[in-house]
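Accompanying notes for the structure given below.
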Amino acid sequence: MLYALPVQELIDELGRLPGIGPRSAQRIAFHLLRVDEVDARRLSAAIVALKERVGFCEICWNIAEGTRCETCADERRDGSIICVVEEPKDVIALERTGEFRGRYHVLQGAINPIDGIGPDQLRVKELLERLQNSEVEEVVLCTNPNLEGEATAMYLARLLGPLGLRVTRIASGLPVGGDLEYADELTLGRALEGRREVGTRQASDPQGDA
Ligand SMILES: [Zn+2]
């Protein structure tokens, strides 16, 4: 026996969401079937509003209502320093520390060969374009302290090295293998303060010591 079509369609759609398996999809669908119509409508309206009103910032690729995010629209932010992060949630985490007054660049992911994510799937090209003829003096690599985040930071350090900018990486002290968003404000604030210059002139790059 099959479920009524609208139920099955909802289960299928929910099952496409990250972290939701078939059993969870079924449980959520039956939950929605039971809730008041006004609650279900509020959820569907929130999804529609999200798609209609929110997109990505044309400068830093953070979430934005309109063409620019709050940080990029804020004239008081320091344009000489850019913090490169993986996801919009990392911007929130760094803003919570109150330690950073510069601007951001959101890669929208990290290098992960297993999932087929390379630099071309990330906002790397956009970062390079942004750094052309800009007032940026320092790029802080604030990717997560896990395998993918470190690989991404190393890749960017090598890529940005020849541009003559100061390239730094947030200090260790963050839980290794963790996510920036789970670090408390104090730890993250200290990691930012204790950032170190990244050795962009690799031993494997003989042209680098010119
Ligand atoms: Zn922005």
Side-chain angles (χ1 to χ4, degrees), residues 18 46-112 117-146 148-171 174 178-185 187-193 195 198:
I47 295 172
V48 171
L50 178 80
K51 297 313 289 180
E52 279 177 358
R53 296 214 310 262
V54 185
F56 293 108
C57 173
E58 62 180 3
I59 297 174
C60 74
W61 297 92
N62 190 7
I63 291 168
E65 219 173 321
T67 52
R68 291 192 181 181
C69 73
E70 259 178 67
T71 321
C72 289
D74 186 349
E75 300 277 328
R76 293 163 304 176
R77 303 288 299 214
D78 181 359
S80 72
I81 179 166
I82 289 187
C83 222
V84 177
V85 298
E86 292 178 22
E87 303 285 353
K89 61 186 162 62
D90 302 325
V91 172
I92 308 275
L94 283 158
E95 283 298 288
R96 268 202 320 254
T97 68
E99 294 277 337
F100 187 69
R101 294 299 302 156
R103 297 186 185 275
Y104 294 97
H105 190 85
V106 181
L107 294 170
Q108 299 189 336
I111 293 174
N112 187 343
I117 298 172
D120 291 347
Q121 278 72 49
L122 306 173
R123 300 293 175 185
V124 171
K125 183 168 57 76
E126 288 82 355
L127 174 63
L128 285 178
E129 278 165 14
R130 198 176 158 190
L131 294 173
Q132 302 285 327
N133 312 314
S134 72
E135 54 172 339
V136 178
E137 291 164 13
E138 179 178 354
V139 175
V140 191
L141 303 172
C142 279
T143 48
N144 286 327
N146 56 26
E148 294 79 21
E150 291 298 342
T152 308
M154 288 311 293
Y155 172 83
L156 289 176
R158 229 166 285 161
L159 194 69
L160 302 182
L163 300 184
L165 299 160
R166 185 165 183 244
V167 181
T168 54
R169 174 87 175 112
I170 44 169
L174 292 171
D179 265 6
L180 286 190
E181 67 170 323
Y182 299 129
D184 64 278
E185 287 102 87
T187 308
L188 190 53
R190 277 194 194 139
L192 192 63
E193 215 176 317
R195 65 188 183 273
V198 185

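All ligand and atom numbering here is 1-based and tracks the order in the structure. This one's a predicted model, so the numbers in the text were calculated from it and none came from an experiment.
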**Message:** Keeping R195 on the side-chain end and L192 on the backbone end, is there a donor-acceptor pair under 3.5 Å?
**Reply:** yes

**Request:** Give a yes or no on whether the backbone of V106 and the side-chain of R123 come within a donor-acceptor separation of less than 3.5 Å.
**Result:** no

**Fill in**
Under 2.8 Å from the Zn ion (ligand 1), the protein N, O or S atoms found are C57 SG, C60 SG, C69 SG, C72 SG

**Request:** Using atom types as modelled and distance alone, determine if a side-chain donor or acceptor of N144 lies under 3.5 Å from a backbone N or O of N146.
**Result:** no

**Request:** Return the minimal non-hydrogen interatomic distance between H105 and W61, and the atom names on each side.
**Result:** CE1-CD1, 3.9 Å

**Asked** Do Y104 and N62 come within less than 4.5 Å of each other through their side chains, counting heavy atoms only?
**Response** no

**Request:** Can you see which heavy atom on G118 is nearest to which on I111, and at what distance?
**Result:** C-CG1, 4.5 Å

